[in-house]
Amino acid sequence: MYKIEPFVDKYDIYINKELNDFIIELENHYNLVDKIENFAALVNFSQNGLLPYHGWFKYREGYGSALVSHLIEEENLSQDEYVIDPFSGSGTTLVEAALQGYSSLGIDVNPMSSFVADIKVKRYTPQEIENIKHTMALIENSSNSELQGSVSHDSSLDYRWVYLKRYFQERHLADFKAIVEYVESISETKIRNFFMAACLAVTEDISDRRRDGNGLKTAPSKVQSVSTRYKLQVEQMLRDIVEYPIPTSGEGKVIASSAVDLSTHASEFSRTENKVPGVIIFSPPYANSFDYFESYKMELYLGGFVKSPSDMKELRKKAVHSFIRPSSEHPQVDWFIEEMAKEIEYSIPEKEKRTGKVDSRTRKVPALVRGYFYDMGEVLKSCAETLPIGKRTYIVVDQSAYLGKIVPTDLFLAKIAETHGFVVEKIIVCRKAKTSAQQYKLYPYLENTLRESIVVIRKEREA
């Protein structure tokens with residue numbers, strides 16, 4: 001099992017002895033369960049690629065569908081209960097709930113993600129399936145000029161193509177533009193959204209960019225024919241909704257909003273569906289300084305979810321502080337979070353002396369840590385307001401490290417959850433977490449300490 005305690009004193013990981021002792025105390029206090037043999041493969045999102053619905057969109061973040069399926073089965077929910085994921089991403093939790101016949105509510109601050117996930121958890125009638133087949137036949141058998149000639153031009157959307165042309169070969173962009181503009185002319189909303197989701201799903205493949213690290217890297221597209229790639233995408237999605245239909249009882253809803261507002265959305269969903277929350281399962285953005293919006297900016301512009309850099313900036317403001325961004329805020333946080341931020345702060349001069357460079361990026365990390373745990377505290381508060389007493393929340397999360405300072409995210413979230421009426425049942429250690437090769441070289445103990453875990457908490461009382 002990956003634990004911090006055996007290494008803290010040997011390597012003097014933390015300067016502050018009170019913080020050092022507090023982290024060891026938490027690690028010994030909570031019930032850490034070693035399930036690496038059972039769960040290591042289950043948390044791996046890469047295994048979702050070939051599965052019905054899950055393989056529709058290449059999403060870098062998330063966990064394996066088998067893990068969610070296992071957790072839902074563990075809860076033994078009734079049909080008048082529903083599943084919640086306040087960081088729904090590409091919809092792994094919601095799809096698994098739907099396929100098991102449970103309603104679900106998803107929330108994601110990324111409007112592109114929430115759009116795609118919402119399409120996945122919809123049931124399609126035989127007539128709607130026939131409409132999809134008919135529409136695809138029209139697209140497949142029409143030339144670009146025929147597609148463009150069949151729709152009226154909306155000049156208000158021209159900004160997209162001006163922005164996107166830097167990422168595509170000219171021929172690919174022209175072919176893609178013809179398909180997208182035809183799709184947007186489809187009158188029936190549900191059918192139009194289905195085809196638009198397919199457009200978003202193929203965007204990366206037909207562009208000359210690939211998601212990498214904290215953004216996009218240049219990589220020439222291997223796609224020869226945009227129309228063929230698009231046809232294959234629609235065929236895959238059509239095959240799934242025909243062969244693996246969502247049960248009537250399993251339709252879900254996904255909202256583009258902040259996880260902090262979960263209780264408000266859950267209250268409305270409970271009222272309209274006449275059901276009650278049964279379990280919350282989520283994997284929040286990790287405190288790893290990644291800007292997840294940057295990785296999906298092509299799709300955000302293509303779908304009309306953003307129109308300018310200022311729109312992107314507004315989205316970032318609504319997100320949990322998981323990445324570095326300009327901020328003058330200094331939220332009031334628990335003492336151990338403040339000391340954790342200071343540990344990193346105090347280590348920056350040593351790094352700058354070693355490299356001979358001012359590290360403006362790392363100087364912002366302490367603010368990231370404060371903001372992340374403050375925001376997650378607000379999310380946990382909203383989870384507590386949403387769940388009935390006795391119901392569980394499962395949080396899948398990585399630990400992170402900056403300048404050799406281990407941020408024990410699972411332990412800190414567990415401690416914060418207790419202040420909102422939760423009791424910590426256990427922390428399941430699933431697998432080793434990763435950090436950069438540079439950190440491993442400078443701080444070799446990270447090889448044996450960082451872990452990915454599931455924090456299992458149960459609402460015991462009203463806060």
Side-chain angles (χ1 to χ4, degrees), residues 44-68 85 87-99 104 106-122 124 132 136 164 167-168 176 179-180 183-184 190-207 209-212 215-216 219 221-223 226 228-244 246 252-256 282-283 285 290 292-306 315:
N44 190 348
F45 180 77
S46 64
Q47 298 192 17
N48 287 8
L50 300 177
L51 298 175
Y53 296 96
H54 297 296
W56 287 11
F57 188 89
K58 292 180 183 177
Y59 207 76
R60 297 173 63 219
E61 303 76 35
Y63 37 49
S65 59
L67 172 66
V68 182
D85 185 344
F87 295 93
S88 54
S90 63
T92 302
T93 299
L94 313 178
V95 168
E96 283 305 308
L99 292 175
S104 60
I107 294 171
D108 202 279
V109 72
N110 185 326
M112 183 277 299
S113 299
S114 61
F115 176 85
V116 172
D118 193 59
I119 305 303
K120 291 181 178 181
V121 291
K122 291 293 182 278
Y124 294 84
I132 290 171
M136 189 59 229
L164 289 170
Y167 300 125
F168 291 80
F176 196 33
I179 292 172
V180 170
V183 165
E184 290 175 333
K190 193 173 180 182
I191 306 302
R192 181 174 66 249
N193 288 348
F194 180 90
F195 279 95
M196 191 63 203
C199 291
L200 295 168
V202 302
T203 300
E204 182 184 10
D205 273 2
I206 64 176
S207 76
R209 296 293 186 276
R210 295 294 172 268
R211 285 184 262 280
D212 180 67
L216 299 171
S221 175
K222 296 180 181 179
V223 171
V226 171
T228 299
R229 176 65 185 88
Y230 186 69
K231 176 191 173 186
L232 291 173
Q233 182 65 38
V234 173
E235 286 177 346
Q236 175 192 358
M237 294 167 61
L238 181 60
R239 182 171 59 250
D240 288 350
I241 64 174
V242 171
E243 296 182 6
Y244 307 93
I246 300 294
K253 181 177 183 180
V254 189
I255 301 168
F282 67 90
S283 180
F290 276 23
Y292 297 103
F293 292 109
E294 186 69 16
S295 298
Y296 297 100
K297 61 185 177 182
M298 291 190 298
E299 292 85 356
L300 284 164
Y301 273 92
L302 177 73
F305 304 110
V306 300
L315 281 180

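Along the sequence shown, residues carry numbers from 1.
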Task: Side-chain heavy atoms of Y296 within contact of F57, under 4.5 Å - done: yes
TODO: Sequence neighbours left out, what passes salt bridge (Lys or Arg N to Asp or Glu O under 4.0 Å) with R209? Give chain and number order.
DONE: none
TODO: Apply ring pair (Phe, Tyr, Trp, His ring centres under 6.0 Å) to Y301 and list each qualifying residue two or more places apart in sequence or on a separate chain.
DONE: Y163
TODO: Please identify each residue that fulfils side-chain hydrogen bond (donor to acceptor under 3.5 Å, both in side chains) with K122, with sequence neighbours left out.
DONE: D118
- [ ] Side-chain contact test, heavy atoms from C-beta onward, threshold under 4.5 Å: evaluate it for V234 versus M237 and give yes or no.
- [x] no
Task: Side-chain heavy-atom pair E96, S104 within 4.5 angstrom cut-off - done: no
Open item on the list: Looking at D85 and F282, would you say the former's side chain and the latter's main chain have a donor-acceptor pair under 3.5 Å?
Closed with: no
Task: Contacts of type ring pair (Phe, Tyr, Trp, His ring centres under 6.0 Å), residue Y230, not counting sequence neighbours - done: none
TODO: Starting at CG of L300, measure out to OG of S113 and round the result to the nearest 0.5 Å.
DONE: 7.5 Å
Task: Residue pair A117 / V254: nearest heavy atoms and the distance that separates them - done: C-CG2, 3.8 Å
Open item on the list: If you define the side chain from C-beta out and look only at heavy atoms, does anything of S283 sit under 4.5 Å from F87?
Closed with: no
- [ ] Give a yes or no on whether the backbone of S65 and the side-chain of T92 come within a donor-acceptor separation of less than 3.5 Å.
- [x] no
Open item on the list: Return the OG to NZ distance between S90 and K58, rounded to the nearest 0.5 Å.
Closed with: 13.5 Å
Open item on the list: List the residues meeting salt bridge (Lys or Arg N to Asp or Glu O under 4.0 Å) with D240, not counting sequence neighbours, and say none if there are none.
Closed with: none
TODO: Enter the distance from K231:NZ to I179:CD1 here, rounded to the nearest 0.5 Å.
DONE: 12.0 Å
Open item on the list: Are H54 and V95 packed together at the side-chain level, in the sense that at least one heavy-atom pair is separated by less than 4.5 angstrom?
Closed with: yes
Task: Y53 (side chain) donor-acceptor with Y244 (main chain) under 3.5 angstrom - done: yes
Task: Main-chain N/O of G55 paired with Q236 side-chain donor or acceptor, under 3.5 Å - done: yes
Open item on the list: Within this structure, what is the CZ-CD1 distance for the pair F176 and I206, rounded to the nearest 0.5 Å?
Closed with: 4.0 Å
TODO: Could you list the residues that satisfy salt bridge (Lys or Arg N to Asp or Glu O under 4.0 Å) with E294, not counting sequence neighbours?
DONE: K297, R316
TODO: Start with the C-alpha distance between I241 and I132, add both sets of side-chain angles, then the distance that settles side chain to side chain contact (heavy atoms under 4.5 Å, CB included), and finish with yes or no.
DONE: CA-CA 11 Å; I241 64 174; I132 290 171; 3.9 Å; yes
Open item on the list: Minimum heavy-atom separation for L315 and V109, please, with both atom names.
Closed with: CD2-O, 3.7 Å
TODO: Mind listing the closest non-hydrogen atom pair of R210 and A219 along with its distance?
DONE: CG-CB, 3.6 Å
Open item on the list: Side chains of Y59 and V116, heavy atoms from C-beta outward: is any pair under 4.5 Å?
Closed with: no
Open item on the list: Taking C199's backbone N and O only, do any of them form a donor-acceptor pair with T203's side chain (distance below 3.5 Å, no angle check)?
Closed with: yes
Open item on the list: Using a strict threshold of under 4.0 Å (side-chain N to carboxylate O), is an ion pair present between R211 and E299?
Closed with: yes
TODO: Supply the atom-to-atom distance L302 CG to M112 CE, rounded to the nearest 0.5 angstrom.
DONE: 10.0 Å
Task: Heavy-atom side-chain proximity of V121 to I246 below 4.5 angstrom - done: no
TODO: Give a yes or no answer on whether the side chain of S207 reaches the backbone of F168 with a donor-acceptor pair at less than 3.5 Å.
DONE: no
Task: Nearest heavy-atom neighbours spanning S114 and P111 - done: OG-O, 3.0 Å
- [ ] State, with a plain yes or no, whether a side-chain heavy atom of L238 is found less than 4.5 Å away from one of M136.
- [x] no
TODO: State, to 0.1 Å, how close N193 and I119 come at their nearest heavy-atom pair, and which atoms those are.
DONE: CB-CD1, 3.4 Å
Open item on the list: Which heavy atom of L94 sits nearest to which heavy atom of S88, and what is that distance?
Closed with: CD1-CB, 3.8 Å
